[in-house]
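All remarks here apply to the structure that follows.
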Amino acid sequence: MSRFYITTAIPYVNAKPHIGFALELVQADVIARYQRLKLGGENVYFLTGADENALKNVQAAEKEGRSTSEYVAEMSDRFRSLASALNISNNDFIRTTEQRHVKGATKLWQSCKPDDIYKKSYSGLYCVGCEQYYTEDELVDGVCPDHKVKPELVTEENYFFKLSSYQHKLEQLISNDEFKITPESRKNEMLAFIRRGLEDFSISRSRERARNWGVPVPGDDSQVMYVWFDALSNYLNALGYAANDSLYKEFWDNSGRKLHVIGKGITRFHCIYWPAMLLSAGLPLPNEVFVHGYVTVDGQKISKSLGNTVDPVELVNKYGSEPVRYYLLREIPAWEDGDYSEAKFKQRYESDLANGLGNTLSRVTNMIEKFGNGKFIQAEGVNAYTPAAASAIEIAMRSYRFEAALLAIFNVIGEIDAEIEKNKPWEMAKEEKFNDIQKLLSKWGTMLLDVSHYLKPFLPDAAKKIEDKLREHNITKAEPLFPRLN
RNA sequence: CGCGGGGUGGAGAAGUGGCAUCUCGCCUGGCUCAUAACCAGGAGAUCGCGGGUUCAAGUCCCGCCCCCGCAACCA
């Protein structure tokens, strides 16, 4: 029994989703769909969701003069809609204000080794305006960079987690890939971080400082959990950890594979804090964390002050989900940062999707209609992908190099075009060599089916359209799969 | 001496020792089945700079310059 559990991170919902999170959803979706094809749909479980407990959410709601719970509910819906706009095949969507989550986070806290959670007083420079702590060097001339006020020295008693006692174990698990971090550069970063020495970290806030928002610390009403402590437990909670549901047993508490897909900014939380918490609670660890890079827009970091945010839902409304999926997967190197620009988007759309895949389908189906009587018979022994190409795609998929996989998959489009040009079926038609044409059309159609097979995880709709078209009894010229933009 | 990533034809990238590759753009030619799409050929790179190792270096070593991230309770 081979089970596969995959998750995205749960973004906090203080603003509408931007294109960076769309990247994560799409990458995770490709992996999920790919695994379903291999393992069968029932053996794959794909989770995404939203973090509603972050203090930032409270601040954002306040700014709009709304109640926090109403605000986060509405914002979570926007993230849910993004997933559906992008045709993401998630099995579930968890909100961290749900009971199953609160109960699970509580259970996880209680399951940690008693020695690992202790009370300690913490003091730091706290800016009331920002509602956050600053270190000395973050201050500009001794004042908060945002509010230009001198922060107060605040002392508060919090619960701490004994991360320090897991230093050795974590180093071991990560370096021998028992807890695998992809790409390797991220693994090295984490190892370097661990070797510098791990300090215990605070896992609670005073209820006051948390603005009375969050998951209460069990047995201590004066404190709520530090948002990361509860947030990470969502991966267990969606499966029914608190109630020990069968889903939890099948997908987490067994030997199946568990993969987290995250952005580079939260690597430490997923690769250090999270496994330590699980170790403390005596729970199985995820097998792997895949860390993708960030999306820049026109070469610049996405930032609200620059006003260069790109709304992925708008993009989908304008161009459709598949072109957006394609762009994110093909143009952004999955292991690194990548850039979005409208010009590049249009370029990819035109050359790869419209003039490439779509046009080739039109050519082939049109010739089947015109020269082949609408009949297409799948060719025996034709493989669009040589064993070398197929294995290159496999390797790319297994290492989450989606851009490399797509490049290899799309090579075949060019090959079909070149063969059409070389054989000139339209001339053969004049000479009435219809049997020969039929053979060629069988071959090209079969090659297109091979392409669509590999495209399924990436472009599920287009793949299906290609397949459906070539399975028609009386094939007519296909409608443009991706119409030209102008 | 903080850590990491990167500097390859006009643009974007691939490329861990053996004639420098791909996509887009540009030029020329071809084709007309196709979404004015497609195919072939071509021009264009002293592979950031300076040394070194080697029969041979974009690729290994040393030094330097420049760009971009990250630097622990803050998503």
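Chain letters run A, B, ... following the sequence lines, proteins first, then strands; residues in each count from 1.
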Length of the line joining [X]:[atom1] and [N]:[atom2], which is rounded to integer Å:
X         : N      : atom1 : atom2 : answer
Leu481(A) : A37(B) : CG    : C1'   : 14 Å
Gln347(A) : A11(B) : CD    : P     : 15 Å
Leu55(A)  : C73(B) : CG    : C1'   : 13 Å
Asn411(A) : C22(B) : CG    : C1'   : 9 Å
Phe345(A) : C24(B) : CZ    : P     : 17 Å

Nearest to side-chain heavy atoms of [X], which nucleotide of [options]:
X         : options                : answer
Asn359(A) : C24(B), A72(B), C38(B) : C38(B)
Arg268(A) : A34(B), A72(B), U32(B) : A72(B)
Tyr273(A) : G12(B), A34(B), A72(B) : A72(B)
Asn355(A) : C33(B), C38(B), A72(B) : C38(B)

Rounded C1' spacing from G52(B) to G69(B) in Å:
31 Å
Distance check, C1' atoms only: G7(B) and C64(B), in whole angstrom units.
14 Å
Pull out every protein N or O sitting under 3.5 Å from an N or O of nucleotides 27-31 of chain B, one pair per line with the distance.
| from | atom 1 | to | atom 2 | distance (Å) |
| --- | --- | --- | --- | --- |
| G30(B) | N2 | Glu421(A) | OE2 | 3.0 |

Under a 4.5 Å cut-off applied to non-hydrogen side-chain atoms, are Arg330(A) and Leu407(A) in contact?
yes
Any Tyr385(A) side-chain heavy atom under 4.5 Å of Asn411(A) side chain:
no
Under 4.0 Å from OP1 or OP2 of C24(B): is there any side-chain N or O of Lys346(A) that close?
no
Closest-nucleotide 5' rank along RNA chain B - winner of Ala231(A) and Arg330(A)
Arg330(A)
Residue mapping more 5' on RNA chain B - nearest nucleotide basis, Tyr294(A) or Asp51(A):
Tyr294(A)
Base, sugar-phosphate, or nothing: which does [X] touch, judged by heavy atoms less than 4.0 Å apart?
X         : answer
Arg484(A) : base
Pro425(A) : nothing
Glu199(A) : base
Lys422(A) : nothing

Does the separation of the ring centres of Tyr326(A) and Phe410(A) fall below 6.0 angstrom?
yes
Using Watson-Crick or G-U wobble pairs with both distances under 3.5 Å, give me RNA chain B in dot-bracket, 5' to 3', with [ ] for crossers and | for pairs to another strand.
.(((((((.[[[[.)..(..]]]].(((((.......))))).....[[[[[..)....]]]]])))))).....
Could you work out, with side-chain hydrogen bond (donor to acceptor under 3.5 Å, both in side chains) as the rule, every residue matching Glu74(A), not counting sequence neighbours?
Arg66(A)
Cation-pi check, Arg80(A) to Phe93(A): give yes when NZ or CZ is under 6.0 Å from the six-membered ring centre and within 45° of the ring axis, no otherwise.
yes
Within 45 degrees of the ring normal and closer than 6.0 Å to the centroid, is that where the cationic atom of Lys264(A) sits relative to Tyr294(A)?
yes
